[in-house]
Protein chains: 2
Amino acid sequence: MARCTITDVAAASGVSIKTVSRVLNDEPSVRPETRRRVREAMTAMNYQPSLPARSLAGRRSSLIALLFENPSANYVFAVQSGAMAKCRETQLRLLVQPLNDLGEPLIEEVLAMVDQTHIDGVVITPPLSANAELIAALDSRGLPFVRIAPDGTSHSSPIVEMDDEAAAHEMTSYLLALGHRRIGFIKGHPGHHSSKLRLEGFQAALASWGVDPAEQPVEQGYNSFESGLTAARRLLACTQRPTAIFASNDDMAAGAIFVAHEFGIRVPDELSVSGFDDTQLASTIYPPLTTVHQPSYTMSYTATGLLIDLIKRNAVPASTQLAHNLVKRASTAPPRRAN
Amino acid sequence: MARCTITDVAAASGVSIKTVSRVLNDEPSVRPETRRRVREAMTAMNYQPSLPARSLAGRRSSLIALLFENPSANYVFAVQSGAMAKCRETQLRLLVQPLNDLGEPLIEEVLAMVDQTHIDGVVITPPLSANAELIAALDSRGLPFVRIAPDGTSHSSPIVEMDDEAAAHEMTSYLLALGHRRIGFIKGHPGHHSSKLRLEGFQAALASWGVDPAEQPVEQGYNSFESGLTAARRLLACTQRPTAIFASNDDMAAGAIFVAHEFGIRVPDELSVSGFDDTQLASTIYPPLTTVHQPSYTMSYTATGLLIDLIKRNAVPASTQLAHNLVKRASTAPPRRAN
DNA sequence: GGGGTCGATGGTAGCGGTATCACAACCGCA
DNA sequence: TGCGGTTGTGATACCGCTACCATCGACCCC
């Protein structure tokens, strides 16, 4: 069962290689009867088209790339699974391209990859999706791409996102409704646009409840567990300790819970903690984390679908917003009455 | 700066395309002076060789695949990063191929991928590395592959592994040295060969300390957090509750700690818990987990290196064993004196 | 009923490289 | 001086497929 080629199939089904090629590409104007014969021959011989040959001859490579620069295993895994699922449906191959710790040559690396592999298109995840140079470079190559959760800068490429601000607003309202009036906030990585939106949602919710945002303690975090540790230590060392902490992602929220354990502060009795993203971690720590479910898998699945449409030159929406939802678990409760 | 080809480079440097090809492939018998001229032209024109063209014409595709069927984001991320790092060093591309939820057509899917992409070789992670049919299928295609932590069945392909039994032995000895004499064990997924080895290490250590392994409570787990929950509930509901739990991986250990929290059992004061793997999770939960550091990243980095050697027909060791080490954190302590 | 259109198919020139062979220039040695 | 053997280089046939154009009968319209 050695590899066989289009020529073998053509011979076996008594047509020219061109007709086999037509069947392969689902082109019209092949008689159904002929199509059937060719298809049968292909299955019988276990014919597999050669991807390199197709991409060399045609304009398509049937290969798309997923670009990321994100250190979170959970996020990357989710995004990758989503993209992969869509690729499997559509007979495409996915080239996964991590761009961590590259510094300057990032753009060059991407362009080299694009030129070498003849990629058809790219899905870009945050924070890369907000990288203006990268966008410009891809544009210069005329390569189609879809961005996941980029910043607000306008560009004609399609976008898949969730409403970070509304979600943060909801979470904050939930904490306020529980009775919390002193809520510590841990900001996300300054490089991520969503960090800004989440803070804005937090502040807007406070304002709408008549609570002065300026009075609430806010600490800078960097999306890592360790940065959550540092930020939470500061928040909990305040003289007026907050009764709740809202962290901009789950890793940092896990840090806050860790610190609470260290300090002997009971969660949620003495301190409520909530996160953002709903990664696997959220339901693995104790107590399980109240958080916002971010549909990372679905976002990337959707983005990949849009990219494929884009490549096929179908009409594509400029922007798609996916639903989030609040996941209430055991890390939040009404504040203990202290007075 | 549109894409340029070997012909352009040849014209620019005044040689034939064949000579450019020679320079590209680092073949000998090109005059240093000529080589320099061609190299210069390539950089000046920002020439990037076309991967599809090379793989079509030559025997190499400069593409290798990483096969996995593992639901753990942390593990997959680590393995992928390691393979990717080695690929980047050697100018290869990595095709990541998850094979989850495929059932029967798994082998076909892999073979189709192999035939379509003209992959040069494969790195196989557990539990796929123990899949005899897969191994046979790859063999039938004459494709080089390296397995990470496969089971004991002999095969000429290189293997990268750690000593699971010795590591489990060490961990158990550590718990015994702390004074524990009733240790609950949570077994790993029956499909993973390492599960068996870890259990054996546990039992051997007990025996060498004169403790009867048959007296220790053992529960079946399936490597997931949830299965750890179930197993730990059973262990802690025993009339003679163990003073320590050794779980075969970190996720299940996290489950045990979760259950301890639920039951109001203090860790490590009333119950020691230890895990295996040292994933990111181990240092994110509270208390941080004593565990065995499994060098997943390094294993896959090494395996990829061996694969490349194999492809180049260099001499390759049949088996490489990487060092593990015990990471002592706060989840273990001497048992509380109860009598 | 002749020319135009369309449906179904085939022939063939590449795509951008590599492999095989050929060949000229140069070398040492008898 | 002439011979075989290197060494550096070029010409050219592919690799497996797609794009473009040609072909050829059937059908259609006025």
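Below, read A as the first sequence line, B as the second, and so on, with proteins coming before strands; counting in each chain starts at 1. Remember, it's a predicted structure, so these values are computed and weren't measured experimentally.
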Inset, instruction - Nearest whole angstrom, please: distance from the C1' of D/dG8 to the CZ of B/Arg37. - result: 12 Å
Inset, instruction - Quickly work out the B/Ile6 CD1 to C/dA19 P distance and round it to whole Å. - result: 11 Å
Inset, instruction - Confirm from the modelled atom types if B/Arg59 and C/dT18 form a donor-acceptor pair under 3.5 Å, side chain to base only. - result: no
Inset, instruction - Among C/dT18, D/dG16, D/dG10, find the nucleotide with the atom closest to the side chain of B/Thr19. - result: D/dG10
Inset, instruction - Just call it for B/Val20: base, sugar-phosphate, or nothing, with non-hydrogen atoms closer than 4.0 Å on any strand. - result: nothing
Inset, instruction - Starting at atom CD of A/Glu27, determine the distance to atom C1' of D/dC17, rounded to an integer number of angstrom. - result: 12 Å
Legend entry - Residues B/His192 and B/Ser194: side-chain donor-acceptor under 3.5 angstrom: no
Inset, instruction - Could you tell me whether A/Glu109 and B/Arg88 make a salt bridge, using a distance below 4.0 angstrom between a side-chain N and a carboxylate O? - result: yes
Legend entry - Sugar-phosphate, base or nothing in reach of A/Ser29, heavy atoms under 4.0 Å: base
Legend entry - Gap between atoms CD1 and P, on A/Ile17 and C/dG11 respectively (whole Å): 9 Å
Inset, instruction - Starting from the 5' end of DNA chain D, give me the residue, B/Arg35 or B/His118, whose nearest nucleotide shows up first. - result: B/Arg35
Inset, instruction - Please determine if A/Arg37 and A/Glu40 form a salt bridge, counting it only when a charged side-chain N lies under 4.0 Å from a carboxylate O. - result: no
Inset, instruction - Please determine, for the side chain of B/Leu24, which listed nucleotide (C/dG17, D/dG16, D/dC17) has the closest atom? - result: C/dG17
Legend entry - A/Ser50, nearest nucleotide to its side chain (from C/dT9, D/dC17, C/dG16): D/dC17
Inset, instruction - Pick base, sugar-phosphate or nothing for B/Ser55, based on heavy-atom distances below 4.0 Å to the nucleic acid. - result: nothing
Legend entry - 5'-most by nearest nucleotide on DNA chain C - A/Lys18 or A/Pro28: A/Pro28
Inset, instruction - Please tell me which of B/Val30 and B/Ala57 maps to the more 5' nucleotide of DNA chain D, matching each residue to the nucleotide holding its nearest heavy atom. - result: B/Val30
Inset, instruction - Report yes if at least one side-chain N or O of A/Thr34 is closer than 4.0 Å to OP1 or OP2 of C/dT9; otherwise report no. - result: yes
Inset, instruction - Round to the nearest Å and state the distance from A/Leu56 atom CG to C/dT18 atom P. - result: 12 Å
Inset, instruction - Considering just the side-chain nitrogens and oxygens of A/Ser21, establish if one lies under 4.0 Å of OP1 or OP2 belonging to D/dT18. - result: yes
Inset, instruction - Could you pick out which residue, A/Ser16 or B/Gly58, lies toward the 5' side of DNA chain C when each is mapped onto its nearest nucleotide? - result: A/Ser16
Legend entry - Rounded distance (Å) that lies between atom C1' of D/dC17 and atom CG of A/Leu51: 11 Å
Inset, instruction - Give the nucleotide from the list D/dG16, C/dG16, D/dT18 with an atom nearest to the side chain of A/Asn25. - result: D/dT18
Legend entry - Nearest-neighbour nucleotide for the A/Ala53 side chain, D/dG16, D/dT18, C/dG16 considered: D/dG16
Legend entry - Rounded distance in Å - CG (B/Asp8) to C1' (C/dC15): 13 Å
Inset, instruction - Could you tell me whether B/Gln97 atom CD has more than 12 heavy atoms of other residues or ligands within 6.0 Å of it? - result: yes
Inset, instruction - Before accepting this row, confirm whether a basic side-chain N of the pair B/Lys86/B/Asp309 lies closer than 4.0 Å to the acidic partner's carboxylate O. - result: no
Legend entry - Separation of D/dG8 C1' from B/Arg36 CZ (nearest whole Å): 17 Å
Legend entry - Under-3.5 Å donor-acceptor pair between B/Arg22 side chain and D/dG10 base: yes
Inset, instruction - Answer yes or no: is there an ion pair linking A/Asp120 with A/Arg54, defined by an N-O contact shorter than 4.0 Å? - result: no
Inset, instruction - Could you check whether B/Pro49 gets within reach of a base, just the sugar-phosphate, or nothing at all, counting any heavy atom under 4.0 Å? - result: sugar-phosphate
Legend entry - C/dT9 base / A/Arg31 side chain donor-acceptor hit below 3.5 Å: no
